[in-house]
Amino acid sequence: MKNILHVISSPRGGESISIKLGNSITDQLIEEYPGSTLTHLDLNVNPYPHLSDEQINAMRTQPAQHSEIQKELVKRSDEAIAQLFDTDIIVISLPLYNFSIPSTLKSWLDHILRAGHTFGYTSEGPKGLVTGKKVYIAFASGNIYSDGPYQAYDFAIPYLKTALGFIGLNDVSVIRAEGTAISGVMENALEKAIESISV
């Protein structure tokens, strides 16, 4: 039995290929681990705020010294981090937007990448504190970015894997639904991606 968190960053709802792919991954995980708990975190329904000066100062202040306003400013960040630690498997539905990730996903990352909470500094350098968890990235793109001439334009997967790895999430599998805007490829892109899922 596992606690599974499905992070949704596409605003397209039922039309989103990344969400459909993510749902297929969670379906297979629940089949693999009967009795598991699945939580959907739709970043478009209640987006995390972009960081402000006040927010950053609150995050850098020790909890014992927080004002009442600062407690409110870090509350959602603290809750997101607690949810992350309580999760065994993370599925991130990720559409490629302008060669990178949606801003809603970036805001979530800004709230969970916190020194002293999800990573720490040691004499040997930064150390991730969120360990022992599996991550699946359900990636959807209109073009093909896994290889070929457009591979260098994919800043989403390298960035996301780097950010997750920084906090200790290094066991990452990427399932790609590619060419969803290319005639002759788009017709089977999702089906091909689903067939490649291995949990």
Side-chain angles (χ1 to χ4, degrees), residues 1-9 22 25 29 32-33 36-37 39 41 43 47-67 70-94 96-97 99-139 145-147 151-176 197-199:
M1 192 172 81
K2 304 287 185 181
N3 288 330
I4 304 167
L5 177 65
H6 184 188
V7 181
I8 296 169
S9 60
I25 296 171
L29 287 169
E32 180 72 16
Y33 304 104
S36 291
T37 299
T39 301
L41 177 61
L43 301 176
Y48 287 81
H50 293 296
L51 295 184
S52 64
D53 182 43
E54 293 82 3
Q55 183 93 51
I56 293 171
N57 286 334
M59 287 179 172
R60 291 178 175 175
T61 301
Q62 292 297 318
Q65 300 175 341
H66 276 160
S67 66
Q70 287 178 322
K71 288 178 183 179
E72 284 301 311
L73 286 171
V74 299
K75 183 178 180 180
R76 286 198 67 197
S77 176
D78 289 342
E79 291 172 348
I81 290 171
Q83 182 180 55
L84 193 64
F85 276 106
D86 287 341
T87 297
D88 301 302
I89 303 174
I90 304 154
V91 178
I92 301 176
S93 287
L94 170 65
L96 183 69
Y97 283 174
F99 313 120
S100 189
I101 67 174
S103 63
T104 52
L105 182 57
K106 177 61 166 62
S107 291
W108 177 71
L109 291 170
D110 286 340
H111 283 263
I112 64 170
L113 271 74
R114 285 175 61 189
H117 295 264
T118 54
F119 70 92
Y121 292 106
T122 71
S123 58
E124 299 176 352
K127 180 180 180 181
L129 304 177
V130 188
T131 58
K133 304 177 190 301
K134 175 68 181 179
V135 180
Y136 295 91
I137 300 175
F139 180 72
Y145 293 88
S146 57
D147 56 28
Q151 187 174 20
Y153 290 84
D154 172 15
F155 296 95
I157 294 299
Y159 167 73
L160 188 53
K161 290 179 74 172
T162 298
L164 295 174
F166 195 78
I167 61 174
L169 296 171
N170 294 298
D171 188 0
V172 179
S173 294
V174 181
I175 297 93
R176 294 174 178 263
I197 297 171
S198 177
V199 299

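Side chains are part of it too, since the values below use all heavy atoms of this structure and drop only hydrogens, waters and symmetry mates. Quick note: residue numbers are just sequence positions, from 1.
- Once rounded to the nearest 0.5 Å, the distance linking CD of Gln70 with CD of Gln62 reads 11.5 Å.
- Note: Ile89 CD1 to Leu29 CG = 4.5 Å, rounded to the nearest 0.5 Å.
- In this view, Arg176 and Asp154, Glu178 satisfy the salt bridge (Lys or Arg N to Asp or Glu O under 4.0 Å) rule, not counting sequence neighbours.
- Going from atom OG1 of Thr61 over to atom CG of Leu73 covers 10.0 Å, rounded to the nearest 0.5 Å.
- No donor-acceptor pair closer than 3.5 Å links the side chain of Asn3 to the backbone N or O of Asp88.
- Of the listed residues (His117, Arg114, Gln83), just one forms a side-chain hydrogen bond (donor to acceptor under 3.5 Å, both in side chains) with Asp78, and that residue is Arg114.
- Screening Val135, Leu43, Thr39 for a side chain to side chain contact (heavy atoms under 4.5 Å, CB included) with Val7, the sole residue that qualifies is Leu43.
- You'll find the side chain of Tyr159 reaches within 4.5 Å of the side chain of Leu109, heavy atoms only.
- No donor-acceptor distance shorter than 3.5 angstrom exists from the side chain of Ser93 to the backbone of Ile8, with no hydrogens or angles considered.
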Mind running side-chain contact (heavy atoms from CB on, under 4.5 Å) on Val172 and Leu160 for me, showing each step along the way?
CA-CA 10 Å; Val172 179; Leu160 188 53; over 6 Å; no

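- Using modelled atom types, no side-chain atom of Lys106 and backbone atom of His50 make a donor-acceptor pair closer than 3.5 Å.
- Remark: Tyr153 engages Phe99, Tyr145, Tyr150 in a side-chain contact (heavy atoms from CB on, under 4.5 Å) (not counting sequence neighbours).
- Here the CD1-CG distance, from Ile167 to Leu84, works out to 5.0 Å after rounding to the nearest 0.5 Å.
- To the nearest 0.5 Å, atom OG1 of residue Thr87 and atom CG of residue Leu41 are 9.0 Å apart.
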Decide side-chain contact (heavy atoms from CB on, under 4.5 Å) for Tyr48 and Asp110; before the verdict, give the C-alpha distance in whole Å, the side-chain angles of both, and the deciding distance to 0.1 Å.
CA-CA 9 Å; Tyr48 287 81; Asp110 286 340; over 6 Å; no

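- Every side chain to side chain donor-acceptor pair (under 3.5 Å) that Ser173 has, sequence neighbours left out, goes to Lys134.
- Minimum heavy-atom separation, Ala138 to Gly22: CB-N, 3.5 Å.
- To the nearest 0.5 Å, atom NE2 of residue His6 and atom CD1 of residue Ile25 are 7.5 Å apart.
- Within the 4.5 Å cutoff, side-chain heavy atoms of His111 are placed close to those of Leu51.
- Between Leu94 and Ile157, some side-chain heavy-atom pair lies under the 4.5 Å cut-off.
- With hydrogens and angles ignored, the 3.5 Å screen pairs a side-chain donor or acceptor of Thr118 with a backbone N or O of Ile112.
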